[in-house]
Every structure is written in structure tokens, then in C-alpha cells.
**Q** 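Could you have a look at this structure, given as C-alpha cells, before my questions?
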Amino acid sequence: MMIVMQPQATEEQIAHVCERLRTLGFDIHKSAGRSYTVLGAIGDPKGIDRRQFELMEGVKEVLRISEPYKLAGRSLHPQDSILKIRNAQIGGPCDIAVMAGPCSVESPEQLKTIARSVVGAGATFLRGGAYKPRTSPYAFQGLGQEGLELLRQNADQLGGIPVVSEIMDARQLPGCIGKVDVIQIGARNMQNFELLKECGRTGLPVLLKRGMSSTIEEWLMAAEYVMSEGNKAVILCERGIRTFETATRNTLDLSAIPVVKEKTHLPVIVDPSHAMGRRDKILPMARAAVAAGADGLIVEVHHDPDNALSDGPQALLPEMFQQMMEECDAIAHAIGRALARPTKTVPTGS
Ligand code: PEP
Ligand code: MN
């Protein structure tokens, strides 16, 4: 932390700030320039609200030097994290992982059809919601535990690929053990700190969506909550933020990808489905996400979207998903990467 004193600050005011810093355990590096005196506070600023210094007499501004996200940031962990989850990988120089499946698991037949088609087209993670965060309490809320069982069964039949599914409450965690490989924390729960801490204690990888009105720093601090409980397996997911624009469901903040990748070693993926909210606009954003350096994509697919129980308008038809995979692979090759391929062949029968 650096404290810049006002040009007219008195020696008493400077001494007062120094005394306060010393009381808090900081060493002080004082540099007196022609106009400004700058006090470098050397030590661990953990838990100290720097605004208390901004209000002290004679202080012009307080600058933070180190980032507050110690575990998610690159200073202690400069190299990219690579997460190995079952037979898939994500992060770093690994191939770009695609997670796909329905918004909600609706029935055994629905999941079987969609899971087979997305894995057949190259998805290496199966996504599906069993606990759904719906705006209306009267809308379909998900199949709950039954949905998780169906996800596991289908993923096991398809080469044992990892399952990604959202939980909204820590009480849903025990039922995920042995069923879900990546716990999704949705945009609405990005700052549910108790839930984040509980996920941190399980050790299961966490896919952390960006809150719809969250800054990048708030998002990284949410990752820090999970990591500070000992769980380093966090995947960040940009899924669009709320802006004044209404033409799309949200505004996909693609600029976040290079920014976040510079700040953190964690894998960063993009969800163009919830960003756009309509299937005819998802492919260009998926291509753009790959071009911008995303480590993966997560997309919703449905074979009968008009009858889907949630998010039908943004569900890609299977043939569109196939096209997305081909186009994104071409873009990936143009930047020296590739889409990850499933490691085992997909059975066609049963
Ligand atoms: C979802 O993935 O189905 C979902 C509800 O996502 P988000 O939290 O990004 O809205
Ligand atoms: Mn959805």
C-alpha cells in the first residue's frame, strides 16, 4: 500500500499517518519529493480497510500495490493451472474443452438423446441442471437428485466423461458426491459466501460463473473464497453481464477474457448461451470467445427446444452444435490451439 500525502500536508500530519501504520505492524518507506511525500507501507495489509487512511488529515490518496486475491492471482502462482477432471483437462496450453448439454435435465429420454448428440459431436464435459435458479417459483425447478443420477448414468455410458451441474444451497452438496464432477455456482450465487466456502471444503472442482452485476475483482474474490478453504480447482466462467442494452439477454464481456487471464492462473471459459439468450446469435460469440483466448465453452443444447422446460430459446439444435464445434476448432487452429476431443469412442447403441 502507498499513501500519497497532499503537497501542503504538515509534518505532524505525516507523522500521525506513520504512527498509525506502525501501530498496524507496517514498516514504512518514506520518500519526500519536491511536491509530495509518499509513504510506502511494507507488510501484510490483510484485513485493513485502506479507506481509513484516505480520511486522515493531509492524505491525498491511498494506492494498493498488490492484488487482494492471493491464491487466484498470478503473483504466487505465475504458471497457468491445468485441471484434470476424470478423462478431461482444462486450462493452460490444453486443448479447449467444450461442456454441453441441456439447461435442465427434464427426463431420462431427453437427457439420453442430448447427451449422446453432444458427446458424439465432441463435448468432453456433460452439463445439465438438476437444481434450477428460476425467476418464478412456479416455473420448473429441476428434477433434483434424480437429475443428478441421470447425468451420472449418461456420462458413464459415454466414456465416463465429467458432469457439471449447479447447486444453489450447501444442503445439495452431499447428493453431488459420486455424481457430479464439477459443481457449478451460478451467476445469482457468485457472492453467496457461505456456499462458496462450503464448496471450498469439498475439494470438488468448482465452475464459478460471473455474477450478472459483478466486477472482475469481485469475481476473483469469489474464487478466492473457494480457494481459501483449500480447494484450488476453480474454473471461471464469463456468462454476460447486465448493461443498458436489451437486444440480447446479457452483454457478453469478451474483454474480460484477456484481462482475467492476465490476473489469474485459473482456467477461464465462456457461456455464450446465457449471454445471448437466443440461439441464432450464439455461434459468432462462441467463435469470438475462442479467438479471444477462452480455455473452454459451456453451451446449452436441446433436440426439441420449443418444448424445453427452461431456456428453450437459447438452446442450440444438435446440428448447430455440430457446426459450432467445427467452426470453433478452425478458429482454435488459427491461434495454435485445438478443441479437446473425447478420449473414448461414444457408444451408439442402448
Ligand atoms: C445455467 O447454467 O443454466 C444458469 C442458470 O446459468 P447462469 O447462472 O449463468 O444464469
Ligand atoms: Mn440455462
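Hydrogens, waters and symmetry mates play no part in the numbers below; they use all other heavy atoms, side chains included.
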**Q** Under the side chain to side chain donor-acceptor pair (under 3.5 Å) criterion, do Q322 and E326 qualify, and how do the steps go?
**A** CA-CA 6 Å; Q322 175 78 47; E326 286 162 16; 3.1 Å; yes
**Q** Between M324 and L316, is any pair of side-chain heavy atoms under 4.5 Å apart?
**A** yes
**Q** Taking only residues two or more places apart in sequence, or in another chain, which ones meet H265 in a ring pair (Phe, Tyr, Trp, His ring centres under 6.0 Å)?
**A** H77
**Q** Quick one, V17 and V59 - any side-chain contact, counting heavy atoms below 4.5 Å?
**A** yes
**Q** Is any side-chain heavy atom of R134 less than 4.5 Å from a side-chain heavy atom of Q141?
**A** yes
**Q** Going by side chain to side chain contact (heavy atoms under 4.5 Å, CB included), name the residues that satisfy it together with A291, two or more places apart in sequence or in a different chain.
**A** I331
**Q** Donor-acceptor check, side chain of D271 to backbone of H274, threshold 3.5 angstrom: yes or no?
**A** yes
**Q** Among residues at least two apart in sequence or on other chains, which ones pass side chain to side chain donor-acceptor pair (under 3.5 Å) with K261?
**A** D295
**Q** Only distances under 3.5 Å count here; give the side-chain donor-acceptor pairs of residues 29-43 to other protein atoms, sequence neighbours excluded, each with its distance to 0.1 Å.
**A**
none

**Q** Is there a side-chain contact between P93 and I82 (heavy atoms, below 4.5 Å)?
**A** yes
**Q** Is it the case that the side chain of E262 and the backbone of V259 share a donor-acceptor pair, with hydrogens and angles ignored and the cut-off at 3.5 Å?
**A** no
**Q** How close do V301 and A100 get, counting heavy atoms only, and between which atoms?
**A** CG2-CB, 4.3 Å
**Q** For the atom pair NZ (K209) and CH2 (W219), what is the distance rounded to the nearest 0.5 Å?
**A** 11.0 Å
**Q** Would you confirm whether Q172, through its side chain, and D169, through its main-chain N or O, come within 3.5 Å as a donor-acceptor pair?
**A** yes
**Q** Are the side chain of S104 and the backbone of G129 linked by a donor-acceptor contact shorter than 3.5 Å?
**A** no
**Q** When you measure from the side chain of T264 to the backbone of V260, do you find a donor-acceptor pair of N or O atoms at a distance under 3.5 Å?
**A** no
**Q** Return all side-chain donor-acceptor pairs below 3.5 angstrom for residues 242-249, not counting sequence neighbours, or 'none' if the list is empty.
**A**
from	atom 1	to	atom 2	distance (Å)
T243	OG1	E245	N	3.1
T243	OG1	T251	OG1	2.6
E245	OE2	A247	N	2.9
T248	OG1	N250	O	2.7
R249	NH1	D311	OD1	3.2
R249	NH1	Q314	OE1	2.7

**Q** Considering only NZ, NE, NH1 and NH2 on the basic side and carboxylate oxygens on the acidic side, decide whether K112 and E109 come within less than 4.0 Å.
**A** no
**Q** Ring pair (Phe, Tyr, Trp, His ring centres under 6.0 Å) with F321: which residues, sequence neighbours excluded?
**A** none
**Q** Between M285 and L254, is any pair of side-chain heavy atoms under 4.5 Å apart?
**A** yes
**Q** Should I48 and F53 count as side-chain neighbours, where that means a heavy-atom distance under 4.5 Å?
**A** yes
**Q** The criterion is salt bridge (Lys or Arg N to Asp or Glu O under 4.0 Å); which residues satisfy it with R210, sequence neighbours excluded?
**A** E238, D253
**Q** Does R127 pair with E300 as a salt bridge, N-O distance under 4.0 Å?
**A** yes
**Q** Could you give the distance from CG (L236) to CG (L220), rounded to the nearest 0.5 Å?
**A** 6.0 Å
**Q** Heavy atoms only: give me the nearest S273-V299 pair and the separation to one decimal.
**A** OG-CA, 3.4 Å
**Q** Can you name the closest pair of heavy atoms from S107 and L150 and give their distance?
**A** C-CD1, 4.2 Å
**Q** The criterion is ring pair (Phe, Tyr, Trp, His ring centres under 6.0 Å); which residues satisfy it with F140, sequence neighbours excluded?
**A** none
**Q** Would you check, one step at a time, whether the test side-chain contact (heavy atoms from CB on, under 4.5 Å) holds for V180 with R152?
**A** CA-CA 7 Å; V180 177; R152 182 76 270 142; over 6 Å; no
**Q** For a quick test of reading the model, state the closest non-hydrogen atom pair linking V270 to A294 and the distance between them.
**A** CG2-CB, 4.0 Å
**Q** Do H303 and Q110 have side-chain atoms, one donor and one acceptor, less than 3.5 Å apart?
**A** no
**Q** Any donor and acceptor pair, going by atom type alone, linking the side chain of R279 with main-chain N or O of G312 inside 3.5 Å?
**A** yes
**Q** Where do T124 and P162 come nearest, in terms of heavy atoms and distance?
**A** O-CD, 3.3 Å
**Q** Under the salt bridge (Lys or Arg N to Asp or Glu O under 4.0 Å) rule, collect the residues that match up with D306, sequence neighbours excluded.
**A** none
**Q** How long is the span from the CG atom in N231 to the CG atom in L71, to the nearest 0.5 Å?
**A** 11.0 Å
**Q** With sequence neighbours excluded, what pairs up with E327 under the salt bridge (Lys or Arg N to Asp or Glu O under 4.0 Å) test?
**A** R287
**Q** What verdict does the salt bridge (charged side-chain N to carboxylate O under 4.0 Å, His left out) test give for R201 and E229, after you've listed the backbone C-alpha separation in whole Å, the side-chain angles of each residue and the deciding distance to 0.1 Å?
**A** CA-CA 6 Å; R201 286 177 211 125; E229 294 292 333; 3.3 Å; yes
**Q** Report yes if the side chains of K132 and M168 come closer than 4.5 Å at any heavy-atom pair, otherwise no.
**A** no
**Q** Would L195 end up clustered with M212 when hydrophobic side chains under 4.5 Å apart are linked, directly or stepwise?
**A** no
**Q** How far does CG of L339 sit from CE of M325, to the nearest 0.5 angstrom?
**A** 5.0 Å
**Q** In the hydrophobic cluster built from side-chain contacts under 4.5 Å, what are the other members alongside M99?
**A** L83, I85, I90, F125, V164, V182, L207, I235, I269, I298
**Q** Determine whether a donor-acceptor pair (N or O, by modelled atom type, separation under 3.5 Å) exists between the side chain of H333 and the backbone of D329.
**A** yes
**Q** So among V206, L196, V234, which one has a side chain to side chain contact (heavy atoms under 4.5 Å, CB included) with M227?
**A** V234
**Q** State, yes or no, whether a side-chain contact exists between C176 and T202 at a heavy-atom distance under 4.5 Å.
**A** no
**Q** Do any N or O atoms from the side chain of E67 and from the backbone of K263 form a donor-acceptor pair under 3.5 angstrom?
**A** no
**Q** For residues P258 and A292, report the shortest heavy-atom separation together with the two atoms involved.
**A** CD-O, 4.2 Å
**Q** Between R22 and E19, does any NZ, NE, NH1 or NH2 come within less than 4.0 Å of an OD or OE carboxylate oxygen?
**A** no
**Q** Just checking, any donor-acceptor pair under 3.5 angstrom between side chains of Q52 and R20?
**A** yes
**Q** Heavy-atom count check: over 12 atoms from other residues, nucleotides or ligands less than 6.0 Å from R64 CZ?
**A** yes
**Q** OG of S214 to CE of M221: how many Å apart, nearest 0.5 Å?
**A** 13.0 Å
**Q** Quick check for you: to the nearest 0.5 Å, what is the distance between E54 atom CD and D49 atom CG?
**A** 8.0 Å
**Q** What residues form a salt bridge (Lys or Arg N to Asp or Glu O under 4.0 Å) with E149, not counting sequence neighbours?
**A** K179
**Q** Within a 6.0 Å radius of atom CD on E57, are there more than 12 heavy atoms belonging to other residues, nucleotides or ligands?
**A** no
**Q** Carefully, step by step, assess H302 and I114 under the rule side-chain contact (heavy atoms from CB on, under 4.5 Å).
**A** CA-CA 6 Å; H302 204 293; I114 299 171; 3.9 Å; yes
**Q** One thing to verify: whether R50 and E61 come together as a salt bridge, which I'm taking to mean a side-chain N less than 4.0 angstrom from a carboxylate O.
**A** no
